[in-house]
Amino acid sequence: MKSKNETGPLPGYFGEFGGRYVAEVLRGPLEELDAALGLLDRDMEFWKLLGRIREEYIGRPTPLLFAENSTRALGGARLFIKLEGLANTGAHKVNNAIGQALLAQRMGKSRIIAETGAGQHGLATAAICAKLGLECTIYMGEVDIARQRPNVFMMELFGARVVPVTSGSRTLKDAVNEALRDWAASSADTHYIIGSALGPSPYPEMVHRFQSVVGKETESQLHDRGLEPHVLVACVGGGSNAIGFFSPWLERDVPRLVGVEAGGRGVGRGDHAARMNGLGVPGIVQGYKSLFLLDGDGQVQETHSVSAGLDYPGIGPQLAALGTAGRVEFARATDRQALEAVSFFARHEGVVFALESAHGGYQAMELARTLSPDQVVVVNMSGRGDKDLFITARELTPGPWRRFLLDEAAAIPAPAEAEE
Ligand SMILES: *Cc1c(COP(=O)(O)O)cnc(C)c1O
């Protein structure tokens, strides 16, 4: 981990972004977390245990695939895919959830809380709590619960309590507020696992650290093949998969690092979730300073993306700083382009990208087309697309999918007859 001085003059800051803007009651728990993190460097037992769980539970290292057919079809640079979506529970989120859950055990906490939007972070957290024997409560907006039923089912299968959040717009940001409220009252025995590289310090740096395993593996997998990357591409929601993937290269001038945000259905207000390239404005929301999509009154805007994991209105402070400084470039992919990338890689590689990851996938296709054959493009497939079946099947084959769902619904006993 870099010393904090290298990223900004003040602890917890990345340039002008980051910091810790919280109510008095949350200072204590955050300072306790600072202290626990401070002990980790010398805690060899912790890293040994984490290494073992990564190997035998997550399935690390995840493969680096040479996308040979895609490379041929695109006709330019050699394209590689980091298959992070092959991690147990289907995405990179588990790397952070496990790191923080083990840390919580070190701190003597018996209960874990987390927020979730689409459910991927909740799923990873619920799974690792089942594995480690920790009590688990997941806050999830009522709207998200209604549209992400399969993930709610899975979280409950793992033994987690999923608490519907009915305040505000009843989505992710409201779930974060509810989790913070719980934590303010429960921190004596409870740790709050934030799902991306954002929130008050030390969350962004801690999440970066646990996700850096993705970049370190990629670096050594490229090295083993004698390859130097020319450009790395990752999708950016809050920014945890991107910052972890880019991590080994952040302090160097090369390779190019490209983050891809959700272009949704256009650049109009509420139509996308892109905060970089002038679309977001500086603000302080949910405990940290960064770039956010805010309206004229400073209220958080509604966003849209076909991928539930990319529609958060804020970006992690370190990526905001790296983007502002020009080390990380930002691009956008639209809903349609992401779906196109899902189809392309399924056809050419037999690999199904998560819709989030497919935003990076689309940009990687564009780059591979235009760069030369001696150059190497690597894209992080942060998650696999099984979880998106209800969206992709509806978009790509609406007729048959509709008939399937109607038949399924007809086969379920009416609620009165069911056991509920
Ligand atoms: C949650 C999620 C993302 C977005 O979160 P980041 O913190 O930006 O990585 C991207 N891909 C997948 C598969 C996700 O589940």
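We count ligands from 1, going down the list as the structure has it; atoms in each ligand are counted the same way.
Considering only non-hydrogen protein atoms, atom 14 (C) of ligand 1 sits nearest to Lys93 NZ, 2.9 Å. When only non-hydrogen protein atoms are considered, atom 4 (C) of ligand 1 lies nearest to Gly309 O, 3.3 Å. Residue, atom and distance of the protein heavy atom nearest to atom 6 (P) of ligand 1 are Ser240 N, 3.3 Å.
Contact annotation: for His92 versus ligand 1, heavy atoms closer than 4.0 Å belong to the side chain alone.
Note: Phe245 and Trp249 have perpendicular aromatic rings, judged against thresholds of 30 and 60 degrees for the angle between ring planes. Ring geometry for Trp401 against Phe390 counts as perpendicular: the plane angle is over 60°, on a 0 to 90° scale with 30° as the lower cut. By the 30° and 60° cut-offs, the orientation of the rings of Tyr203 relative to Trp183 is perpendicular.
Residue-to-ligand polar distances place Gly238 within reach of ligand 1: an N/O pair is separated by less than 3.5 Å. By the 3.5 Å distance cut-off applied to N or O atoms, Val236 is not counted among the residues near ligand 1. The shortest N or O to N or O distance between Gln120 and ligand 1 is not below 3.5 Å.
Residue Ser196 approaches ligand 1 through these ligand atoms, each under 4.0 Å from one of its heavy atoms: 6 (P), 7 (O). Near Asn241, meaning under 4.0 Å from one of its heavy atoms, ligand 1 places the atoms 6 (P), 8 (O), 9 (O), 10 (C). Shown in contact with Gly383 at under 4.0 Å from a heavy atom are these atoms of ligand 1, numbered in order with element: 13 (C). Which parts of ligand 1 touch Ser382 is read off a 4.0 Å heavy-atom cut-off, strictly below it: atoms 10 (C), 11 (N), 12 (C), 13 (C).
Of the possible donor and acceptor atoms, one in the side chain of Arg275 sits under 3.5 Å from a partner among the backbone N and O of Tyr312.
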Would you check, one step at a time, whether the test side chain to side chain donor-acceptor pair (under 3.5 Å) holds for Gln211 with Asn96?
CA-CA 6 Å; Gln211 291 293 1; Asn96 169 50; 5.6 Å; no
If you apply the rule salt bridge (Lys or Arg N to Asp or Glu O under 4.0 Å), what do you find for Glu217 with Arg54, and how did you get there?
CA-CA 12 Å; Glu217 280 178 14; Arg54 279 173 173 167; over 6 Å; no
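A side-chain N or O of His304 and one of Asp335 form a donor-acceptor pair less than 3.5 Å apart. Judged by distance alone, the side chains of Asn277 and Glu261 never bring a donor and an acceptor atom under 3.5 Å apart. Glu366 and Thr370 form no side-chain donor-acceptor contact under 3.5 Å, judged by distance and modelled atom types alone.
A heavy-atom separation below 4.0 Å is not found between Ala242 and ligand 1.
With atom 8 (O) of ligand 1 as the reference point, the heavy atom nearest to it among Gly239, Cys235, Ala87, Gly259 is part of Gly239.
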